[in-house]
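Just so you know, these numbers use all the heavy atoms, side chains as well, and skip hydrogens, waters and symmetry mates.
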Amino acid sequence: MSNITTINPADLSIIAHYEHFNEQEVFQLLLNADQQFQIWKGTDFGWRSHLMKKAAAVLRDRKDELAAVITLEMGKTLKSAVSEVEKCAWVCDYYAENAALFLAEEKIETDASKSFVAYRPLGVILAVMPWNYPFWQVFRFAAPALMAGNGGVLKHASNVPRCGELIQEVFEQAGFPKNLFINLLINNIQVDKVIENPIIKAITLTGSEKAGSAVAAAAGKNLKKSVLELGGSDAYIILEDADLDLAAAQCAESRLLNSGQSCIGAKRFIVVEKVYDQFLKKFKSKMEEAVLGSPTETGTTLAPMARIDLRDELH
């Protein structure tokens, strides 16, 4: 029996089946990543930048193909999926062009003969990433991490495994050394074992508070550095002097962003009493303009939620 079965959110059809890597496979892949890191950390920014620029070009060349997989696995509109891939290409270019400046040594004036701040690669970094922006969340980690001389291993969300495979493929197609960036098909229980492995020097996670708490506990127990981006509850505040037409349009757009599955989407609306009724009428009108349908159809503005359990959590 397969460990992972992916389902198309638009019609609930089965896409594919995947098997988790076993313990020995994971151990070997981590060894491979560390061996490649030992070489990669000695490369210069010029070479890293060259490869990262090629990754950006691969993303742009394959954006329609990659966007189709995003839409198939997690259900966002094809238009927004294409935009996501294009944003990933941009972030690759950005760090290719700026990493050397960001990581340049900084001289510090002290009473010592020479004082400076230096930036050195940490090692192999584990990234535990979410499904709502399955390419962007990974690339905004991977581009700066690789440019800084680190290696990366990805534990992607279980409903977007093909996205994880394709991201690894993009880096390899761009010419990055094989095993420098590895997609690990593992479950949540296996994550603790990976964090415990001495090869892993730091962990980054974007996801729920529950997932963040579990990763933070494992990282703390093993004295590993960690960076966590967890859930939010952003508020929109509408005051008496607000442009209500603009406010209603922006609030509706933000509430429906990525089918409501965005950490920066508006989740609470605080409206002063004097304009409450006016705003509510305009806001409801804007919400009613959303067109629910297949994410591959051009006219669709509101795609299905990514999974049935996410939908049912709201009831």
Side-chain angles (χ1 to χ4, degrees), residues 2-10 13-21 25-26 29 32-33 36 51-93 95-96 124-147 151-187 204 206-207 258 261 295-296 303 306-307:
S2 301
N3 300 120
I4 300 173
T5 298
T6 51
I7 297 174
N8 182 346
S13 62
I14 292 176
I15 303 169
H17 303 282
Y18 297 82
E19 298 289 344
H20 289 138
F21 296 162
E25 288 172 320
V26 172
L29 286 169
N32 295 346
Q36 197 54 250
L51 295 181
M52 195 60 71
K53 283 282 189 180
K54 288 184 69 176
V58 171
L59 287 165
R60 293 188 176 100
D61 288 345
R62 298 178 61 181
K63 66 180 181 181
D64 292 332
E65 169 203 350
L66 300 176
V69 175
I70 294 174
T71 295
L72 181 66
E73 286 197 320
M74 67 74 56
K76 71 175 59 186
T77 64
L78 195 55
K79 179 181 178 181
S80 61
V82 169
S83 295
E84 181 174 335
V85 177
E86 291 173 339
K87 190 175 182 180
C88 293
W90 165 82
V91 86
C92 288
D93 282 336
Y95 283 104
V124 179
I125 314 298
L126 169 64
V128 181
M129 293 286 109
W131 47 264
N132 59 341
Y133 294 94
F135 265 62
W136 168 246
Q137 295 286 4
V138 177
F139 272 91
R140 71 172 190 156
F141 144 75
L146 296 182
M147 283 301 302
V153 292
L154 168 66
K155 190 285 178 197
H156 218 327
S158 60
N159 59 325
V160 289
R162 183 58 182 152
C163 287
E165 291 178 338
L166 286 171
I167 291 168
Q168 177 179 325
E169 189 177 297
V170 166
F171 284 120
E172 292 178 356
Q173 184 180 342
F176 281 87
K178 184 176 175 59
N179 296 319
L180 183 66
F181 184 92
I182 294 174
N183 176 56
L184 288 180
L185 272 173
I186 58 175
N187 60 33
T204 179
T206 298
N258 203 27
Q261 303 167 127
T296 59
R307 298 195 313 259

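Around NZ of K79, the count of heavy atoms belonging to other residues, nucleotides or ligands within 6.0 Å does not exceed 12.
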Problem set entry | Verdict with reasoning, N187 to N3, per side-chain contact (heavy atoms from CB on, under 4.5 Å) | CA-CA 9 Å; N187 60 33; N3 300 120; over 6 Å; no

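Sorted by first then second residue, the side-chain hydrogen bond (donor to acceptor under 3.5 Å, both in side chains) pairs that include residues 173-186, not counting sequence neighbours, are R62-Q173. For the salt bridge (charged side-chain N to carboxylate O under 4.0 Å, His left out) condition, the pairs that include at least one residue of residues 151-165, sequence neighbours left out, are R162-E165.
Formation of a donor-acceptor pair under 3.5 Å by the Q137 side chain with backbone atoms of T206 is not found in this model. A distance-only check finds no donor-acceptor pair linking the side chain of N258 to the backbone of K76 [under 3.5 Å].
When every heavy atom of A56 is checked against every heavy atom of A89, the shortest pair comes out as CB-O, 3.5 Å. When all heavy atoms of N159 and T6 are compared, the pair lying nearest together is O-CG2, 4.0 Å. Minimum heavy-atom separation, M52 to F171: SD-CE2, 4.2 Å. Among all heavy-atom pairs drawn from Y18 and E73, the shortest one is OH-OE2, 4.2 Å. Considering all non-hydrogen atoms of both residues, V85 and A67 come closest at CG2-N, 4.1 Å.
Listed by chain and residue number, K63 satisfy the salt bridge (charged side-chain N to carboxylate O under 4.0 Å, His left out) test with E86 (two or more places apart in sequence, or in another chain).
Looking only at atom types and distance, the side chain of S80 has a donor-acceptor partner in the side chain of T77 under 3.5 Å away.
Of the charged side-chain nitrogens involved, none lies within less than 4.0 Å of a carboxylate oxygen, so that K54 and D61 do not count as a salt-bridged pair.
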